[in-house]
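Heads up: the structure comes next, in structure tokens.
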2 protein chains.
Amino acid sequence: MPKTPPQCPMDSILRLLMGPWTTYIIWVLSDQGPQRFGALKRAVPGISTRMLTERLRMLQSAGVIWREQAETIPPAVTYGLTPRGNDLRGVLDTLGHIAERWKDEGVFADDELGTV
Amino acid sequence: MPKTPPQCPMDSILRLLMGPWTTYIIWVLSDQGPQRFGALKRAVPGISTRMLTERLRMLQSAGVIWREQAETIPPAVTYGLTPRGNDLRGVLDTLGHIAERWKDEGVFADDELGTV
DNA sequence: TAAAGTAGGTACGGAAAAGTAACTACCCTT
DNA sequence: AAGGGTAGTTACTTTTCCGTACCTACTTTA
């Protein structure tokens, strides 16, 4: 993203969440609790390993998620929302209600749903 | 973004809002009301004309924003939130409060703010 | 036995997305 | 006259992301 000085807190949080898959990952962790890397990857259909890795690093760096690495073979790394990340729960809940309303309104492409 | 079948309404809305600048644009329209293209571009620091154009087309297509073109030279096009787009107001308000809290916690890079 | 599977990554070449600069045609201001 | 404004569009360049292959050390399957 472009390097511009933040204008206000809202600008900063929007830029933080703006990157691809960011909100989606947060939602999965919020909805399903702490997840291993592979489970997280499966819960976010379409995300690539490299994107998941990078997003998780960013979110961890921002203090939104925690990362716990077990000393095992094969490696087992678990990710979860920090208390700070939990701040976003309400937002995601509201978004979920809106999503259901929008679905009823036919906002999301019906043709793909129709074929499922 | 990848072409995967939506899993649920939340998946769909997250994908809709996932694209770069999307939420930012919606917030500006929510916060400041209907805007002309140029004003919108100035209100979203760092966005390019091509990205703003593309995002606006997408949001219009999704029924989140409206577009009103005046028959003038030079062209004057105004964009605003539809009633559906207004659904997101509460979410953005909440996000704003969280942003202020996170700012106090030092989540956003302080060094840039310090030099402003 | 060899191959496949498990986990969470990393490296690489290519495709896709985004950035950048120039341009449009008209009107208004300096 | 030059410059600024309007909302884009286009062509080229740069950056980002994807898909694939690979890594480790162990277990399971054919």
Side-chain angles (χ1 to χ4, degrees), chain A residues 1-5 11 14-26 28-29 32-62 64-81, chain B residues 1-5 11 14-26 28-29 32-62 64-81:
Chain A
M1 303 290 352
K3 297 201 190 227
T4 46
D11 176 280
L14 286 170
R15 289 179 193 274
L16 182 71
L17 300 176
M18 186 190 291
W21 304 105
T22 312
T23 316
Y24 207 127
I25 292 165
I26 294 168
V28 170
L29 292 176
Q32 296 170 29
Q35 301 280 306
R36 299 260 293 271
F37 183 93
L40 199 46
K41 188 165 182 282
R42 285 185 292 274
V44 186
I47 195 169
S48 67
T49 303
R50 89 186 316 289
M51 277 313 300
L52 184 54
T53 301
E54 196 267 329
R55 291 287 96 190
L56 289 171
R57 295 294 190 197
M58 185 275 287
L59 287 170
Q60 186 189 4
S61 171
V64 177
I65 63 168
W66 48 261
R67 180 180 185 275
E68 187 176 276
Q69 181 161 5
E71 302 293 341
T72 58
I73 296 293
V77 184
T78 306
Y79 297 90
L81 287 188
Chain B
M1 297 303 326
K3 300 207 177 182
T4 47
D11 176 279
L14 286 170
R15 288 179 194 276
L16 181 71
L17 299 177
M18 186 191 290
W21 305 104
T22 312
T23 317
Y24 208 127
I25 292 166
I26 295 169
V28 169
L29 291 177
Q32 296 168 31
Q35 302 281 307
R36 299 260 291 270
F37 183 92
L40 199 46
K41 186 164 184 279
R42 286 186 291 276
V44 186
I47 195 169
S48 66
T49 303
R50 91 192 309 289
M51 278 313 301
L52 183 54
T53 302
E54 196 267 327
R55 291 288 94 192
L56 289 171
R57 296 294 189 198
M58 185 276 287
L59 287 170
Q60 186 189 3
S61 172
V64 176
I65 64 168
W66 49 260
R67 179 181 184 275
E68 186 176 275
Q69 181 162 3
E71 302 294 340
T72 57
I73 296 292
V77 184
T78 307
Y79 296 89
L81 288 188

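So that the names make sense, note that chain A is the first sequence line, chain B the second, and so on, each numbered from 1.
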Short side-chain N/O contact to D:dG8 OP1/OP2 from B:R67, under 4.0 Å: yes
5'-most by nearest nucleotide on DNA chain D - B:P75 or B:T53: B:P75
Proximity to the side chain of B:M51 - top-ranked nucleotide from C:dG19, D:dA7, D:dT9: C:dG19
Spacing between B:L52 atom CG and C:dG19 atom P, to the nearest angstrom: 11 Å
Any side-chain donor near an acceptor of the partner, A:R55 and A:T22, under 3.5 Å: yes
B:R67 backbone acceptor or donor facing B:Q69 side chain under 3.5 Å: no
Sidechain-backbone polar pair: A:T53 side chain, A:T49 backbone, donor-acceptor under 3.5 Å: yes
Selection from C:dG19, C:dG9, C:dA7 that lies nearest to any side-chain heavy atom of A:P74: C:dA7
With sequence neighbours excluded, residues passing side chain to side chain contact (heavy atoms under 4.5 Å, CB included) with B:R50: B:S48
Position toward the 5' end of DNA chain C (nearest nucleotide), A:Q69 or B:R55: A:Q69
Closest nucleotide among C:dG8, D:dG8, C:dT10 to the A:T49 side chain: C:dT10
Short side-chain N/O contact from A:R36 to OP1 or OP2 of C:dG8, under 4.0 Å: yes
Whole-Å gap separating C1' (C:dA18) and CH2 (B:W21): 11 Å
Earlier contact from the 5' end, DNA chain D, for B:L56 and A:R50: B:L56
